[in-house]
Number of protein chains: 2
Amino acid sequence: MNNLAPSSPSIKQRSRLLNDPCDRLRDAIVSGDFQPNERLVEADLSLRYGAGRTAIRAALATLDQEGLIVREPNRGARVRLISAREAFEIEHVRNALERLLARSAAQRAASDDLDDLQAILAAMAERLRESDSFGYMQLNPQLHRRIWRISDNQVAIKVLVTLKSQSIRFQYGTILRPGRPAQSLREHEAIVAAIAAHDPDACDAAMAEHLGHVLETLQWAIDSQDRQRSWSSREEPTLSAPA
Amino acid sequence: MNNLAPSSPSIKQRSRLLNDPCDRLRDAIVSGDFQPNERLVEADLSLRYGAGRTAIRAALATLDQEGLIVREPNRGARVRLISAREAFEIEHVRNALERLLARSAAQRAASDDLDDLQAILAAMAERLRESDSFGYMQLNPQLHRRIWRISDNQVAIKVLVTLKSQSIRFQYGTILRPGRPAQSLREHEAIVAAIAAHDPDACDAAMAEHLGHVLETLQWAIDSQDRQRSWSSREEPTLSAPA
DNA sequence: CTGGCGAAGATTGTCGACAATAATAGCGAC
DNA sequence: GTCGCTATTATTGTCGACAATCTTCGCCAG
């Protein structure tokens, strides 16, 4: 249940604190150490992480259930390539669940919670003033996770965490849209305001509006990348992570 | 990824489906062959299903990810006991996702889809006329699943299937409420009507109303069982399946 | 009689080896 | 030169055995 805590896996910090090959492999995949569709050979992973093949096998089973890899019988495991279409499906599910949690958060928020939310908002505004889009992007999930914590629906949170790790590859492109961070901040402020007012309906609406724009931005990012790719090669209608 | 498609045309799937200890164990758990909190000893399962301990271990890993069992390190696996609180959380998530899918279905439904839905509705009305509550209850998930198929959001469907298997234990009590089946049928008819009218907003609202009543009924069933249990024994505030 | 202490039993976690299967390379026929 | 077949190789799937750990039972002191 604690696997939703890490909030800054950006730097390649090989923390020896976590020896579980499952967590390490997961981090490696979501941070892009393995290319999409790359084969994951059990023996290699066993060597790489200094764990027995049994542990690697268990890790692969877990990651398969989480949707990060695909396993074909007798043909091994590959890191799963999320199609643009599936990214939209994921985003729609996220939309529905975040609205649910926003609603709950508006009903349950205490003053400590509101203080934290305001602090995160202030930090986001600061990053925006410094034109630090990357810093802003890192704060974004932090705010959402704080809202999740207020809502206190463990089931929904677990689903959201799993989905997030699957679609992380698409997260990078969405911040490049001109003017998006400023708009995003205003939307977040509206959400927090609705939580502070303990108004579930308004909070639901604010979150719906926010995520609707996220969906649009995702569409924009995918179109943008597709356009770029049409110069060099033509492949499946899927995306790879930006280098 | 095909493990949620009932129409998957895989050839050797049948022989595998019957032999795969993971599926068999899952069926055994959701159908109540194992009591909640009952220990699942690997050696026993290995004997029971004629599979090696390795396969059993893989199955346990999968079912742990699905939330049907809990595994404590060096202490083995137990079938997970879903608390009443968690049942509510699950139902809320289901609520959000079913509304999403209902919306999508209203936009995408073709005439074949509508025919199937009407056929299921007719069958439900028939069961109701015969006062066959159990038969009605069996048709219920069939209708919802058909709606899922129309919506065609594989990600949401997979989440819903997983959640369903977790909360199946609470399904039995909800049909015992007097007058509930008749009301349920009317709500289902409203949902299908909204789909037929290709009206996403109306469909969302109809589904929300339906699942709101399901939530109420779940509350009623839990209260009802709690009241019954206070006669005989005092235990944790959780529920077991009716014998 | 109760409560700690230690040994025996039961169960899980891990490793290595072998069998089963898919991918690949090599060879021969046309 | 290319196609098809076979042998080799690489990789996964499965099994048995052993070590690590937890649980239970029996024993003994107080």
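Keep in mind the model is a prediction, meaning the values are calculated, not measured. Only this structure's heavy atoms are used, side chains among them; waters, hydrogens and symmetry mates stay out.
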Query raised in the report: Which whole-number value in Å describes the distance from E72(A) CD to dA20(C) P?
Result: 22 Å
Requested in this report: Without swapping roles, check the side chain of R146(A) against the backbone of L117(A) for a donor-acceptor pair under 3.5 Å.
Outcome: no
N/O donor-acceptor pairs under 3.5 Å from side chains in residues 48-56 of chain B, not counting sequence neighbours:
{"unit_1": "R53(B)", "atom_1": "NH1", "unit_2": "E42(B)", "atom_2": "OE1", "d": "2.5"}

Requested in this report: Determine, for D152(B) against R85(A), whether the closest basic-nitrogen to carboxylate-oxygen distance falls under 4.0 angstrom.
Outcome: yes
**Report entry** Atom-pair distance (CG on D64(B); P on dG13(C)), nearest Å
**Finding:** 11 Å
Requested in this report: Specify the separation, in whole Å, of atom CG of L45(B) and atom P of dT11(C).
Outcome: 11 Å
Could you run down the sub-3.5 Å N/O contacts of the protein with nucleotides 22-24 of chain D?
{"unit_1": "dT23(D)", "atom_1": "OP1", "unit_2": "R75(B)", "atom_2": "NE", "d": "2.8"}
{"unit_1": "dT23(D)", "atom_1": "OP1", "unit_2": "R75(B)", "atom_2": "NH2", "d": "3.1"}

**Report entry** Sidechain N-carboxylate O distance under 4.0 Å for R26(A), D23(A)
**Finding:** yes
Query raised in the report: Would E91(A) and N95(A) count as a side chain to side chain donor-acceptor pair (under 3.5 Å) if you check the C-alpha gap in whole Å, the side-chain angles of each, and the deciding distance to 0.1 Å?
Result: CA-CA 6 Å; E91(A) 193 58 32; N95(A) 195 312; over 6 Å; no
Query - Close side-chain approach of R145(A) to R149(A), heavy-atom, < 4.5 Å - result: no
Query raised in the report: Please give, in whole Å, the distance from dG16(C) C1' to E42(A) CD?
Result: 14 Å
Report summary line: Whole-Å distance, L47(A) CG to dT11(D) P, equals 12 Å
Query raised in the report: Between atom CG in L40(A) and atom P in dG13(D), what is the gap in whole Å?
Result: 13 Å
Report task. Rounded to the nearest 0.5 Å, what's the gap from CG on N153(A) to NZ on K158(A)? Could you check? Result -> 13.0 Å
**Report entry** Interatomic spacing from CZ in R169(A) to OG in S31(A) - rounded to 0.5 Å
**Finding:** 9.0 Å
Query raised in the report: Does any residue of residues 53-62 of chain A have a heavy atom under 4.0 Å from DNA chain C, and if so, which ones, in number order?
Result: R53(A), T54(A)
Requested in this report: Nearest whole angstrom, please: distance from the C1' of dA22(C) to the CZ of R71(A).
Outcome: 16 Å
